[in-house]
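Notes to accompany the following structure.
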Amino acid sequence: ISGDTTTGSDLNFANKYKAGSTSVVLGGSKTFENFPEDSTIVPVFTFTLSENGEVIDTQTVSKHGDYDFNSITYTEEGVHTYTVEETAGHQAGVTYDSKTYTVVVTVEDNQAGQLVATISGDSRTGTNLDFVNSYKAAPVDVHFSGHKTLEGKELAADEFSFTLTDEAGKTVETVKNAADGKINFSKLTFTEAGVYNYTVKEETTTEAGVTIDSKIYHITVTVTDNGDGQLVATVSGDTTGSDLNFVNKYEDSSTPVVDNTDSSQTGDNTDSPQTGDNSCVLMWSMMMITSFAGVVVFLAFGKKKHER
(Lines give C-alpha, C1' and ligand atoms only; values in the text may rest on other atoms or scores of the structure.)
Protein backbone atom coordinates (compact mmCIF):
# COMPACT_ATOMS: atom_id res chain seq x y z
CA ILE A 1 0.00 0.00 0.00
CA SER A 2 1.42 3.27 -0.97
CA GLY A 3 0.14 6.78 -1.46
CA ASP A 4 -1.19 9.03 1.34
CA THR A 5 -1.17 5.99 3.60
CA THR A 6 0.97 2.84 3.83
CA THR A 7 -1.51 0.80 5.81
CA GLY A 8 -4.85 1.95 4.54
CA SER A 9 -6.05 2.05 8.08
CA ASP A 10 -5.05 5.58 8.95
CA LEU A 11 -7.39 7.46 6.69
CA ASN A 12 -8.35 9.83 9.50
CA PHE A 13 -10.40 13.03 9.21
CA ALA A 14 -10.69 15.86 11.82
CA ASN A 15 -13.53 18.36 11.55
CA LYS A 16 -13.54 21.76 13.31
CA TYR A 17 -16.64 23.50 14.66
CA LYS A 18 -16.92 27.24 15.14
CA ALA A 19 -20.25 28.94 15.76
CA GLY A 20 -20.83 32.15 13.89
CA SER A 21 -20.41 35.41 15.76
CA THR A 22 -23.26 37.55 17.03
CA SER A 23 -23.50 41.23 17.91
CA VAL A 24 -25.49 43.58 20.09
CA VAL A 25 -26.19 47.32 19.86
CA LEU A 26 -27.11 49.09 23.08
CA GLY A 27 -28.69 52.52 23.10
CA GLY A 28 -31.67 54.66 23.97
CA SER A 29 -33.00 58.19 23.81
CA LYS A 30 -32.40 61.51 25.49
CA THR A 31 -35.37 63.71 26.36
CA PHE A 32 -34.71 67.29 27.41
CA GLU A 33 -37.75 68.90 29.00
CA ASN A 34 -38.63 72.62 29.14
CA PHE A 35 -35.62 73.85 27.22
CA PRO A 36 -36.40 76.83 24.93
CA GLU A 37 -36.18 75.63 21.36
CA ASP A 38 -35.17 79.07 20.10
CA SER A 39 -32.10 79.17 22.32
CA THR A 40 -28.79 79.65 20.54
CA ILE A 41 -27.11 77.53 23.20
CA VAL A 42 -26.80 73.84 22.30
CA PRO A 43 -26.23 71.69 25.37
CA VAL A 44 -24.44 68.37 24.76
CA PHE A 45 -25.12 65.30 26.89
CA THR A 46 -22.69 62.40 27.30
CA PHE A 47 -23.43 58.70 27.90
CA THR A 48 -20.95 55.97 28.80
CA LEU A 49 -20.95 52.20 28.37
CA SER A 50 -18.77 50.35 30.86
CA GLU A 51 -17.79 46.73 31.47
CA ASN A 52 -16.06 45.63 34.64
CA GLY A 53 -15.69 49.26 35.67
CA GLU A 54 -13.92 50.30 32.48
CA VAL A 55 -15.51 52.67 29.97
CA ILE A 56 -15.53 50.96 26.59
CA ASP A 57 -17.63 53.46 24.64
CA THR A 58 -18.92 57.05 24.86
CA GLN A 59 -21.70 58.72 22.89
CA THR A 60 -23.18 62.23 22.92
CA VAL A 61 -26.52 63.83 22.09
CA SER A 62 -27.14 67.53 21.34
CA LYS A 63 -30.22 68.81 23.21
CA HIS A 64 -32.35 65.70 22.71
CA GLY A 65 -32.64 62.64 20.48
CA ASP A 66 -31.50 59.02 20.16
CA TYR A 67 -28.08 57.61 20.81
CA ASP A 68 -26.44 54.24 20.05
CA PHE A 69 -23.20 52.77 21.27
CA ASN A 70 -20.97 51.05 18.76
CA SER A 71 -21.94 47.48 17.94
CA ILE A 72 -20.41 44.85 20.26
CA THR A 73 -19.40 41.63 18.47
CA TYR A 74 -19.14 38.28 20.28
CA THR A 75 -17.15 35.36 18.94
CA GLU A 76 -17.27 33.22 22.05
CA GLU A 77 -19.85 32.12 24.53
CA GLY A 78 -19.93 34.05 27.77
CA VAL A 79 -21.77 36.44 30.07
CA HIS A 80 -21.07 40.15 29.87
CA THR A 81 -22.36 42.73 32.34
CA TYR A 82 -22.51 46.37 31.30
CA THR A 83 -23.53 49.63 32.92
CA VAL A 84 -24.89 52.62 31.04
CA GLU A 85 -24.91 56.07 32.63
CA GLU A 86 -25.21 59.74 31.76
CA THR A 87 -22.26 61.88 32.70
CA ALA A 88 -23.40 64.85 34.74
CA GLY A 89 -22.35 68.11 33.16
CA HIS A 90 -22.26 71.72 34.26
CA GLN A 91 -24.90 73.30 32.04
CA ALA A 92 -26.71 75.97 34.06
CA GLY A 93 -30.35 75.23 34.79
CA VAL A 94 -30.09 71.53 33.84
CA THR A 95 -31.03 68.66 36.14
CA TYR A 96 -29.23 65.55 34.94
CA ASP A 97 -30.72 62.07 35.03
CA SER A 98 -28.86 60.05 37.67
CA LYS A 99 -30.22 56.70 36.51
CA THR A 100 -27.78 53.78 35.98
CA TYR A 101 -28.79 50.88 33.76
CA THR A 102 -27.32 47.41 34.28
CA VAL A 103 -27.48 45.26 31.15
CA VAL A 104 -26.48 41.59 31.02
CA VAL A 105 -25.66 39.98 27.68
CA THR A 106 -25.51 36.19 27.71
CA VAL A 107 -23.90 34.64 24.61
CA GLU A 108 -24.63 30.97 23.88
CA ASP A 109 -24.04 28.52 21.05
CA ASN A 110 -27.30 27.31 19.59
CA GLN A 111 -25.49 24.21 18.35
CA ALA A 112 -26.59 25.12 14.87
CA GLY A 113 -23.49 27.06 14.04
CA GLN A 114 -24.57 30.34 15.49
CA LEU A 115 -23.89 32.24 18.68
CA VAL A 116 -26.99 33.80 20.18
CA ALA A 117 -27.04 36.84 22.52
CA THR A 118 -29.75 37.22 25.11
CA ILE A 119 -30.19 40.56 26.89
CA SER A 120 -31.47 40.82 30.44
CA GLY A 121 -31.19 43.05 33.45
CA ASP A 122 -32.72 46.54 33.30
CA SER A 123 -33.57 46.06 29.64
CA ARG A 124 -34.56 43.07 27.51
CA THR A 125 -33.83 44.79 24.24
CA GLY A 126 -30.89 47.01 25.08
CA THR A 127 -32.44 49.79 22.97
CA ASN A 128 -34.57 51.52 25.60
CA LEU A 129 -31.86 52.87 27.86
CA ASP A 130 -33.58 56.23 28.06
CA PHE A 131 -32.62 59.33 30.02
CA VAL A 132 -34.73 62.39 30.82
CA ASN A 133 -33.16 65.70 31.72
CA SER A 134 -35.10 68.78 32.77
CA TYR A 135 -34.35 72.45 32.47
CA LYS A 136 -35.40 75.28 34.75
CA ALA A 137 -34.00 78.77 34.44
CA ALA A 138 -33.23 80.62 37.66
CA PRO A 139 -35.77 83.31 38.62
CA VAL A 140 -35.20 87.01 38.09
CA ASP A 141 -36.15 89.90 40.40
CA VAL A 142 -37.47 93.33 39.46
CA HIS A 143 -37.65 96.29 41.84
CA PHE A 144 -39.84 99.36 41.29
CA SER A 145 -38.95 102.64 42.99
CA GLY A 146 -39.36 106.39 42.69
CA HIS A 147 -39.53 109.69 44.54
CA LYS A 148 -42.20 111.86 46.13
CA THR A 149 -41.89 115.66 46.06
CA LEU A 150 -44.17 117.95 48.07
CA GLU A 151 -44.13 121.60 47.07
CA GLY A 152 -45.22 124.18 49.62
CA LYS A 153 -44.16 122.49 52.84
CA GLU A 154 -41.84 119.86 54.25
CA LEU A 155 -42.63 116.25 53.41
CA ALA A 156 -43.25 113.84 56.28
CA ALA A 157 -42.59 110.10 56.37
CA ASP A 158 -45.61 107.92 55.48
CA GLU A 159 -47.53 111.00 54.35
CA PHE A 160 -48.68 109.60 51.00
CA SER A 161 -49.54 106.13 49.66
CA PHE A 162 -48.75 104.50 46.32
CA THR A 163 -50.28 101.34 44.85
CA LEU A 164 -48.87 98.73 42.47
CA THR A 165 -51.59 96.86 40.55
CA ASP A 166 -51.30 93.92 38.15
CA GLU A 167 -53.05 93.58 34.79
CA ALA A 168 -55.96 91.71 36.40
CA GLY A 169 -56.64 94.74 38.58
CA LYS A 170 -55.38 93.04 41.73
CA THR A 171 -53.41 95.15 44.18
CA VAL A 172 -49.92 93.74 44.45
CA GLU A 173 -48.69 96.13 47.13
CA THR A 174 -49.33 99.55 48.66
CA VAL A 175 -46.38 101.47 50.13
CA LYS A 176 -45.77 104.88 51.70
CA ASN A 177 -43.03 107.42 51.08
CA ALA A 178 -40.01 107.80 53.32
CA ALA A 179 -39.12 111.10 54.95
CA ASP A 180 -36.59 111.80 52.21
CA GLY A 181 -39.24 111.15 49.57
CA LYS A 182 -38.09 107.71 48.48
CA ILE A 183 -40.75 105.25 47.26
CA ASN A 184 -39.74 101.59 47.34
CA PHE A 185 -41.89 98.61 46.40
CA SER A 186 -40.88 95.09 47.41
CA LYS A 187 -39.07 93.09 44.74
CA LEU A 188 -41.12 91.09 42.27
CA THR A 189 -39.78 87.59 41.56
CA PHE A 190 -40.50 86.03 38.17
CA THR A 191 -40.12 82.26 37.73
CA GLU A 192 -41.55 81.91 34.22
CA ALA A 193 -40.92 83.65 30.91
CA GLY A 194 -43.76 85.90 29.77
CA VAL A 195 -45.09 89.47 29.55
CA TYR A 196 -46.41 91.08 32.73
CA ASN A 197 -48.23 94.45 32.92
CA TYR A 198 -48.58 96.72 35.94
CA THR A 199 -49.74 100.21 36.89
CA VAL A 200 -48.51 102.48 39.68
CA LYS A 201 -50.49 105.43 41.00
CA GLU A 202 -50.75 107.65 44.06
CA GLU A 203 -53.74 107.17 46.33
CA THR A 204 -56.02 110.09 47.22
CA THR A 205 -55.46 111.96 50.46
CA THR A 206 -57.71 113.80 52.93
CA GLU A 207 -54.93 116.17 53.93
CA ALA A 208 -56.17 119.74 53.64
CA GLY A 209 -54.53 121.98 51.10
CA VAL A 210 -52.80 119.15 49.23
CA THR A 211 -53.28 118.49 45.53
CA ILE A 212 -51.99 115.02 44.65
CA ASP A 213 -50.27 114.01 41.45
CA SER A 214 -52.82 112.20 39.26
CA LYS A 215 -50.18 110.54 37.09
CA ILE A 216 -50.57 106.80 36.40
CA TYR A 217 -47.50 104.84 35.30
CA HIS A 218 -48.01 101.89 32.93
CA ILE A 219 -45.20 99.34 33.21
CA THR A 220 -44.47 96.24 31.12
CA VAL A 221 -42.04 93.58 32.32
CA THR A 222 -40.90 91.18 29.60
CA VAL A 223 -39.24 88.06 31.01
CA THR A 224 -37.19 85.85 28.67
CA ASP A 225 -35.04 82.75 29.11
CA ASN A 226 -31.47 83.24 27.96
CA GLY A 227 -31.08 79.48 27.49
CA ASP A 228 -28.15 79.45 29.88
CA GLY A 229 -30.11 78.84 33.04
CA GLN A 230 -31.21 82.39 33.78
CA LEU A 231 -34.39 84.40 33.24
CA VAL A 232 -33.84 87.99 32.10
CA ALA A 233 -36.31 90.85 32.71
CA THR A 234 -36.70 93.97 30.57
CA VAL A 235 -38.80 96.88 31.86
CA SER A 236 -40.57 99.16 29.37
CA GLY A 237 -43.55 101.48 29.17
CA ASP A 238 -43.78 104.80 31.00
CA THR A 239 -40.77 104.11 33.18
CA THR A 240 -37.55 102.19 33.59
CA GLY A 241 -38.88 101.03 36.95
CA SER A 242 -36.74 103.33 39.08
CA ASP A 243 -38.22 106.73 38.15
CA LEU A 244 -41.77 106.53 39.51
CA ASN A 245 -41.82 110.19 40.51
CA PHE A 246 -44.83 112.05 41.90
CA VAL A 247 -45.12 115.79 42.69
CA ASN A 248 -47.77 117.09 45.10
CA LYS A 249 -48.59 120.74 45.88
CA TYR A 250 -49.62 122.25 49.20
CA GLU A 251 -51.41 125.56 49.80
CA ASP A 252 -52.30 126.73 53.33
CA SER A 253 -56.05 127.48 53.21
CA SER A 254 -55.93 129.23 56.63
CA THR A 255 -53.85 132.21 55.37
CA PRO A 256 -55.99 135.48 55.27
CA VAL A 257 -56.76 136.76 51.80
CA VAL A 258 -55.34 140.24 51.21
CA ASP A 259 -57.81 142.56 49.35
CA ASN A 260 -55.80 144.81 47.09
CA THR A 261 -58.87 146.56 45.60
CA ASP A 262 -58.58 150.44 45.46
CA SER A 263 -61.03 151.63 48.11
CA SER A 264 -61.28 155.03 46.40
CA GLN A 265 -63.16 153.32 43.64
CA THR A 266 -65.65 151.58 45.97
CA GLY A 267 -66.41 154.34 48.48
CA ASP A 268 -65.81 151.98 51.40
CA ASN A 269 -62.95 153.97 52.94
CA THR A 270 -64.51 156.48 55.36
CA ASP A 271 -61.13 158.07 56.08
CA SER A 272 -60.79 159.42 52.60
CA PRO A 273 -62.93 162.03 50.92
CA GLN A 274 -65.51 160.60 48.61
CA THR A 275 -64.82 161.41 45.05
CA GLY A 276 -67.72 159.64 43.41
CA ASP A 277 -69.67 160.76 40.33
CA ASN A 278 -71.30 164.31 40.94
CA SER A 279 -73.26 164.45 37.72
CA CYS A 280 -76.64 163.92 39.49
CA VAL A 281 -76.08 166.82 41.92
CA LEU A 282 -75.24 169.16 39.07
CA MET A 283 -78.36 168.18 37.16
CA TRP A 284 -80.65 168.87 40.12
CA SER A 285 -79.00 172.23 40.72
CA MET A 286 -79.63 173.33 37.14
CA MET A 287 -83.26 172.26 37.35
CA MET A 288 -83.80 174.26 40.53
CA ILE A 289 -82.21 177.38 39.02
CA THR A 290 -84.33 177.08 35.88
CA SER A 291 -87.54 176.64 37.93
CA PHE A 292 -86.74 179.66 40.06
CA ALA A 293 -86.07 181.80 37.00
CA GLY A 294 -89.39 180.73 35.52
CA VAL A 295 -91.29 181.81 38.65
CA VAL A 296 -89.61 185.22 38.64
CA VAL A 297 -90.50 185.83 34.99
CA PHE A 298 -94.08 184.75 35.59
CA LEU A 299 -94.57 187.13 38.54
CA ALA A 300 -93.02 190.06 36.69
CA PHE A 301 -95.21 189.55 33.65
CA GLY A 302 -98.35 189.35 35.79
CA LYS A 303 -97.58 192.62 37.57
CA LYS A 304 -97.20 194.58 34.31
CA LYS A 305 -100.52 193.30 33.07
CA HIS A 306 -102.25 194.43 36.18
CA GLU A 307 -100.93 198.01 35.90
CA ARG A 308 -102.43 198.31 32.45
Side-chain angles (χ1 to χ4, degrees), residues 34-36 38-39 92-93 135-263 265-266 268-269:
N34 304 322
F35 189 73
D38 58 351
S39 174
Y135 174 84
K136 180 69 174 179
V140 62
D141 295 333
V142 172
H143 177 231
F144 295 145
S145 62
H147 191 269
K148 157 56 62 181
T149 300
L150 178 59
E151 298 178 349
K153 75 167 188 175
E154 184 177 355
L155 178 68
D158 302 329
E159 189 170 358
F160 302 104
S161 298
F162 310 87
T163 299
L164 173 66
T165 306
D166 65 17
E167 56 191 316
K170 180 181 178 181
T171 297
V172 177
E173 186 181 20
T174 298
V175 300
K176 296 180 180 293
N177 63 277
D180 60 0
K182 290 181 179 178
I183 304 168
N184 285 302
F185 289 96
S186 301
K187 68 178 181 181
L188 298 176
T189 300
F190 298 90
T191 59
E192 300 291 341
V195 178
Y196 304 86
N197 294 301
Y198 300 92
T199 58
V200 175
K201 70 174 184 178
E202 181 175 0
E203 295 298 316
T204 58
T205 181
T206 58
E207 185 176 350
V210 173
T211 301
I212 68 164
D213 194 328
S214 61
K215 187 187 298 97
I216 298 177
Y217 287 96
H218 297 270
I219 309 170
T220 297
V221 180
T222 303
V223 180
T224 57
D225 189 336
N226 69 357
D228 196 22
Q230 182 63 57
L231 292 177
V232 178
T234 303
V235 179
S236 60
D238 298 333
T239 173
T240 61
S242 60
D243 55 352
L244 302 171
N245 301 326
F246 296 87
V247 179
N248 288 2
K249 296 182 178 180
Y250 171 77
E251 292 184 2
D252 189 353
S253 59
S254 64
T255 302
V257 177
V258 178
D259 186 357
N260 293 321
T261 305
D262 187 353
S263 60
Q265 300 298 319
T266 62
D268 292 337
N269 191 341

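Note that this is a predicted model, so its numbers are computed, not measured.
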Which residue pairs pass the ring pair (Phe, Tyr, Trp, His ring centres under 6.0 Å) test when at least one of the two sits in residues 167-195, sequence neighbours left out? F190-Y196
Looking only at heavy atoms, which two atoms of P36 and Y135 are closest? And how far apart? CD-CE2, 3.8 Å
Begin from the C-alpha positions of L244 and I183 and carry the test side chain to side chain contact (heavy atoms under 4.5 Å, CB included) through to its verdict. CA-CA 8 Å; L244 302 171; I183 304 168; 5.8 Å; no
Should N184 and V175 count as side-chain neighbours, where that means a heavy-atom distance under 4.5 Å? no
Shortest non-hydrogen separation from P139 to T191 and the atoms involved: CB-CG2, 4.1 Å
Positive for side-chain contact (heavy atoms from CB on, under 4.5 Å) with T149, one of N248, V247, D213: V247
Heavy-atom nearest pair, L155 first then G181, reads CD2-CA, 3.6 Å
Between T239 and F144, is the side chain to side chain contact (heavy atoms under 4.5 Å, CB included) condition met? List the steps. CA-CA 9 Å; T239 173; F144 295 145; over 6 Å; no
State whether the side chain of T171 and the backbone N or O of E173 hold a donor-acceptor pair below 3.5 Å, judged by distance alone. no
Distance in Å, K182 NZ paired with H147 NE2, rounded so as to fall on 0.5 Å steps: 8.5 Å
Ring pair (Phe, Tyr, Trp, His ring centres under 6.0 Å) pairs, two or more places apart, involving residues 223-249: F162-F246, Y217-F246
Assess whether side chain to side chain contact (heavy atoms under 4.5 Å, CB included) is satisfied between N177 and L150, documenting all intermediate values. CA-CA 11 Å; N177 63 277; L150 178 59; over 6 Å; no
Treating N197 as the side-chain partner and E167 as the backbone partner, does any N or O pair qualify as donor plus acceptor under 3.5 Å? no
Which residue pairs pass the salt bridge (charged side-chain N to carboxylate O under 4.0 Å, His left out) test with at least one member in residues 138-154, sequence neighbours excluded? D141-K187, K148-E202, K153-E159, K153-E207
For T240, enumerate each residue passing the side-chain contact (heavy atoms from CB on, under 4.5 Å) test, keeping only those at least two apart in sequence or located in another chain. S242, D243
Residue pairs fulfilling side-chain hydrogen bond (donor to acceptor under 3.5 Å, both in side chains) with at least one residue in residues 226-238, sequence neighbours excluded: Q91-D228
How far apart are the C-alpha atoms of V232 and V140, what are their side-chain angles, what is the distance that settles it, and do they pass the side chain to side chain contact (heavy atoms under 4.5 Å, CB included) test? CA-CA 6 Å; V232 178; V140 62; 5.9 Å; no
Going by side-chain contact (heavy atoms from CB on, under 4.5 Å), name the residues that satisfy it together with D158, two or more places apart in sequence or in a different chain. K176
Restricting to non-hydrogen atoms, name the atom on E192 and the atom on L231 that form the minimum distance, rounded to 0.1 Å. N-CD1, 3.7 Å
On a heavy-atom basis, the closest approach of Y198 and D166 is CD2-CA, 3.7 Å
Over all heavy atoms of both residues, which pair between A233 and V221 is shortest? Give the atoms and the distance, please. CB-CG1, 4.1 Å
